[in-house]
Amino acid sequence: MKEQLRQAIKTALQQCYDNGSLSSGEIPQEIQLEVPKNPDHGDFASNLAMTMAKAERKAPRQIATALVAALQDNPLCAEIEIAGPGFINFRLAPSCWYGVLDQVMRDGDQYGRSQVGSGTSIQVEFVSANPTGPLHIGHGRGAVVGDAVAAVLQAAGFEVQREYYVNDAGNQVKTLGRSILMRLRELQGETIEFPEDGYQAEYVRELAAKLRREKGELHDLSEEAAIELCARFGVAEVLDWIATDLKAFGIHFDNWYSEKSLYDRHLVDAELVKLKEKGLSFEQDDALWLRTTEYGDDKDRVLIKSDGSYTYFASDVAYHMEKFERGFDRVIDVWGADHHGYIPRMKAMLAGLGHPPEDLEVLLIQMVNLLRDGQPVIMGKRSGNFITLREVIDEVGSDACRFFFLMRRCDSQLDFDLELAKQQSTDNPVYYVQYAHARVCSINRNASAAGIPRPQTETVDFSRLELAEELALVRQLARFEELIVGAALNYEPHRVVFYLQDLAAQFHSYYNRQRVLVDDPATTQARLYLVNCVRIVLANALRLLGVSAPEQM
RNA sequence: GCGCCAGUAGCUCAGUUGGAUAGAGCAACGGACUUCUAAUCCGUAGGCCGAGGGUUCGAAUCCUUCCUGGCGCGCCA
């Protein structure tokens, strides 16, 4: 719809140049058209005349007048007016809008998809929590945002891969192994001294007990080998929990990528060699450093420690280079905001190795404050009394949980109130949106019970949809594709949430004011058609968020 | 001290990439169920967009200096 109007404006501009009413001869490649907040300002408004004022050396209103004259006869526009300092307000003919309904119905669950990202492949890496303990609430937010960003990108035509990076090499895994082994010995009646930096939480005891059942007591192994075995066992078990919890949350990964495999394939060393060849790394104090300050970082970073072990950063270098070698045009990392200090070194590393740093986009997910009835829920990872993601999902449900996580921009902190999310009431926006969907389904049930046929595109008389609120609904439906594109290009899935709330509100209001099933069959058919288009768009938007669209509530 | 994020109605937050009179939900107050689900709707009230300065036809949005809150600033992950 917008595109059609944009084309019409370009044609009109050319016409103005041809007949001499405008003189600069330039057609701006971008013509801004926006949906005005105030409906009195028409369906679309353009500031074109104002932006052209300089090149044209004329007053904006004068330019606008010339343009409007050229557009006057266009069948697309029912009404054009010049307002304020030089805005051009367009009101489109209702018949144009009816075409949107056809398209919604024809495209069905594909409605809203576009091809703007076609030909570009993007990897979204998210969650990637260390496999040393269950997911907590903060991981949950990252999980949902990453998943929704991926979904929105896909809907905009990008080719998307969802990946989980498994940190199964390095210190924290060893720590898990040691912790399990200690708990195992404890189970065997030994008095132990639990390591200072060990994982204290209860689940470590569970892991130890399970290991004991499956693998025995490990008496015949050296300390080193026993820790290794415990670590392997623990990582496998914990990854299994994580996968199960994510599945319960409706999240699926295309790929689980092992950090350890980077070492096994010697990719880390290979990458370090490249860095050395490029003169980007240097040795100092028995350690190997990357000169990230060369590319804007505020200090250089260690790759290999003086004891010979690798830093997390070293494998990250290899991992991210390998991502690009796999052919992704763009790579998105979803991190907790507390890791934001790592961005400069990652970008520096990419720049050093010849990749434009913009090809890596890091989404920072701000903290989640867990509340119950407005009171903060105290969580201490050390003490082990933290609330897991699984507990939250089990308590409030996946739909509410996901919706709440997506209700805010990801770079602002989120208060997550368990009682509010659980409430099946007016206060809970999830149900508000889902209820709108269920209401349309209910109307459909009533219609078929009354023997009213399902409306067919060929026979519906759209001119029965003449109320302002009906046209407003159609305009809202027409906006959907553009909304998805905006959400995708900006990595802002929360836009979909706000769109849903707006659309649901418009629908509820309409529902309360007007009956769909009325005496007049033609009106009934037209309205049924309209509300079913609303249903389709609600369902499509909810699907992007991974929230269900119930037919009955 | 340096860096990142935030600061918009009593509370929680949007604000279409610089547009017209700054919006929604909750809370408050007043209304609507013999009519397709009241998990809904309609109305009233609520604002120095943290503060100052700058950029221009035009700023919540951009630049700058402060103030406040959160998070970072390891040869931890």
Side-chain angles (χ1 to χ4, degrees), chain A residues 32-38 40-41 45-47 50-51 53-54 59-60 83-87 89 130 132 167 170-173 175 197 284-289 298-299 301-313 316 336-344 364 366-367 369 374 407-415 417 420 423-436 438-447 449-450 452 479 482-483 486 489-490 494-495 497-499 501-502 504-505 507-518 524 527-528 531 552-553:
Chain A
Q32 283 187 44
L33 275 179
E34 61 159 25
V35 178
K37 291 173 225 164
N38 186 340
D40 293 343
H41 296 146
S46 181
N47 60 356
M50 286 180 286
T51 57
K54 208 165 261 174
F87 289 102
N89 294 337
N130 286 340
T132 52
N167 291 106
N171 242 323
Q172 73 287 350
V173 171
T175 304
D197 62 344
Q284 187 183 308
D285 305 330
D286 296 325
L288 183 70
W289 298 69
D298 49 6
K299 47 182 93 161
R301 306 294 171 177
V302 170
L303 293 163
I304 302 181
K305 297 182 247 176
S306 52
D307 68 359
S309 62
Y310 293 79
T311 60
Y312 185 78
F313 182 49
D316 261 349
D338 52 342
H339 289 69
H340 70 256
Y342 279 74
I343 297 176
L364 294 175
Q366 280 291 349
M367 296 179 51
N369 301 311
M407 267 191 329
R408 309 231 177 302
R409 286 195 1 228
C410 64
D411 50 11
S412 69
Q413 293 189 20
L414 169 70
D415 290 332
D417 194 308
L420 179 61
Q423 247 171 60
Q424 307 207 351
S425 77
T426 321
D427 296 349
N428 196 330
V430 193
Y431 297 105
Y432 181 83
V433 174
Q434 290 183 319
Y435 185 47
R439 265 187 155 169
V440 179
C441 295
S442 171
I443 294 172
N444 285 339
R445 284 191 296 272
N446 286 316
I452 298 169
R479 231 164 56 78
E482 193 189 355
L483 174 103
L489 297 180
N490 294 284
H494 75 275
R495 294 187 189 197
V497 174
F498 284 90
Y499 175 82
Q501 289 180 300
D502 286 346
F507 169 74
H508 283 309
S509 175
Y510 176 64
Y511 179 94
N512 272 274
R513 255 188 231 276
Q514 310 293 338
R515 277 186 68 84
V516 172
L517 308 177
V518 290
T524 298
R527 289 183 175 175
L528 261 179
V531 297
Q552 208 164 344
M553 290 175 74

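Worth saying up front: this structure is predicted, and the values here are computed from it rather than measured. All chains are named by letter (A, B, ...) in the order of the sequence lines, taking the proteins before the strands, and each is independently numbered beginning at 1.
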Criterion side-chain contact (heavy atoms from CB on, under 4.5 Å) against A/M407, the qualifying member of A/L414, A/V430, A/V497: A/V497
Under the ring pair (Phe, Tyr, Trp, His ring centres under 6.0 Å) test, residues paired with A/Y310 that sit two or more places apart: A/Y263
For A/D415, side chain to side chain contact (heavy atoms under 4.5 Å, CB included) partners two or more places apart: A/N369, A/L371
Enumerate all atom pairs, one protein N or O and one N or O from nucleotides 56-61 of chain B, separated by less than 3.5 Å.
none

Dot-bracket encoding of pairs in RNA chain B, which uses [ ] for pseudoknotted crossings and | for another strand, Watson-Crick or G-U under 3.5 angstrom: (((((((..((((.....[...)))).(((((.......))))).....(((((..]....))))))))))))....
Side-chain heavy atoms of A/Q366 within contact of A/R408, under 4.5 Å: no
Those residues that, when tested against A/T175, pass side chain to side chain contact (heavy atoms under 4.5 Å, CB included) (two or more places apart): A/R178, A/S179, A/D197, A/Y199
Pairwise C1' distance, B/A32 and B/A6 [rounded to whole Å]: 41 Å
Sugar-phosphate only, base, or nothing, as touched by A/N89 at under 4.0 Å among non-hydrogen atoms: base
Length of the CG-P vector between A/D502 and B/G25, whole Å: 10 Å
Sugar-phosphate only, base, or nothing, as touched by A/R513 at under 4.0 Å among non-hydrogen atoms: sugar-phosphate
Pairs under 3.5 angstrom, nitrogen or oxygen only, protein versus nucleotides 45-50 of chain B, please.
none

Touch class at under 4.0 angstrom, heavy-atom based, for A/N47 against every strand present: base
P spacing across the pair B/C29 / B/A20, given as an integer number of angstrom: 34 Å
C1' atoms of B/U55 and B/G46, separation to the nearest Å: 33 Å
Taking every non-hydrogen atom, the tightest pair across A/D285 and A/S306: O-CB, 3.7 Å
Residue pair A/V302 / A/F313, side-chain heavy-atom distance below 4.5 Å: no
Whole angstrom value for the distance that separates P of B/A24 from OH of A/Y499: 18 Å
Position toward the 5' end of RNA chain B (nearest nucleotide), A/M407 or A/D411: A/D411
Between C1' of B/A27 and CG of A/D417, the distance in whole Å: 14 Å
Listed partners of A/Y510 passing ring pair (Phe, Tyr, Trp, His ring centres under 6.0 Å), at least two apart: none
Stacked pair A/F87-B/A20, distance under 5.5 Å, angle under 30°: yes
Same-atom distance (P) from B/G3 to B/U64, integer angstrom: 11 Å
Touch class at under 4.0 angstrom, heavy-atom based, for A/A447 against every strand present: nothing
Pairwise side-chain contact, A/L517 with A/I443, heavy-atom cut-off 4.5 Å (strictly under): yes
Protein-nucleotide distance (A/H494, atom NE2; B/U12, atom P), rounded to Å: 18 Å
Sugar-phosphate only, base, or nothing, as touched by A/S442 at under 4.0 Å among non-hydrogen atoms: base
Per A/A83 side chain, nearest of listed nucleotides B/U40, B/A20, B/A14: B/A20
Ring pair (Phe, Tyr, Trp, His ring centres under 6.0 Å) partners of A/H508, counting only residues at least two apart: A/Y432, A/Y435
Given B/A39, B/A14, B/U12, the nucleotide with the shortest approach to the side chain of A/R409: B/A14
A/D415 CG to B/C26 P, straight-line distance once rounded to whole Å: 18 Å
Distance test, side-chain N/O of A/Y432 to OP1/OP2 of B/A38, below 4.0 Å: no
Step-by-step salt bridge (charged side-chain N to carboxylate O under 4.0 Å, His left out) determination, A/K37 to A/D40: CA-CA 9 Å; A/K37 291 173 225 164; A/D40 293 343; over 6 Å; no
Distance test, side-chain N/O of A/S412 to OP1/OP2 of B/A14, below 4.0 Å: yes
C1' gap between B/G15 and B/A60, integer Å: 8 Å
Sugar-phosphate, base or nothing in reach of A/R515, heavy atoms under 4.0 Å: base
What are the atom names and distances for every N/O pair under 3.5 Å that joins the protein to nucleotides 68-75 of chain B?
from: B/G70; atom 1: O2'; to: A/Q413; atom 2: NE2; distance (Å): 2.6
from: B/C73; atom 1: O2'; to: A/K299; atom 2: NZ; distance (Å): 3.3
from: B/G74; atom 1: OP2; to: A/K299; atom 2: NZ; distance (Å): 3.4
from: B/C75; atom 1: O2; to: A/S306; atom 2: N; distance (Å): 2.7
from: B/C75; atom 1: O2; to: A/S306; atom 2: OG; distance (Å): 2.9
from: B/C75; atom 1: N3; to: A/S306; atom 2: OG; distance (Å): 3.3
from: B/C75; atom 1: N4; to: A/D285; atom 2: O; distance (Å): 3.0

Which residue lies more 5' along RNA chain B, comparing A/A505 with A/N130 via nearest heavy atoms: A/A505
Presence of A/R439 side-chain N/O under 4.0 Å of B/A38 phosphate oxygens OP1/OP2: yes
Syn/anti state of B/C33 by chi, 90° boundary around 0: syn
Sugar-phosphate, base or nothing in reach of A/Q32, heavy atoms under 4.0 Å: nothing
Rounded distance in Å - NE2 (A/H41) to P (B/G23): 11 Å
Test side chain to side chain contact (heavy atoms under 4.5 Å, CB included) applied to A/D307 - qualifying residues, sequence neighbours left out: A/K305, A/S309
Spacing between A/Y511 atom OH and B/A38 atom C1', to the nearest angstrom: 10 Å
Output a table of nitrogen or oxygen pairs between the protein and nucleotides 30-34 of chain B separated by less than 3.5 Å.
none

Whole-angstrom distance between B/G47 and B/G7, as gauged at atom C1': 15 Å
Geometric cation-pi criterion, A/R439 with A/Y511: 6.0 Å, 45°: yes
C1' spacing across the pair B/G19 / B/C26, given as an integer number of angstrom: 30 Å
Atom pair distance, as rounded to whole Å: CE in A/M553 and P in B/A38: 13 Å
Set of side chain to side chain contact (heavy atoms under 4.5 Å, CB included) partners for A/N167, sequence neighbours left out: A/N130, A/P131, A/Y165, A/Q172, A/E259, A/Y312
Nearest-angstrom distance, P atom, B/U16 to B/C63: 15 Å
Sugar-phosphate only, base, or nothing, as touched by A/A45 at under 4.0 Å among non-hydrogen atoms: base
Candidate pair A/N47 and A/F87, rule side-chain contact (heavy atoms from CB on, under 4.5 Å), full reasoning: CA-CA 5 Å; A/N47 60 356; A/F87 289 102; 4.2 Å; yes
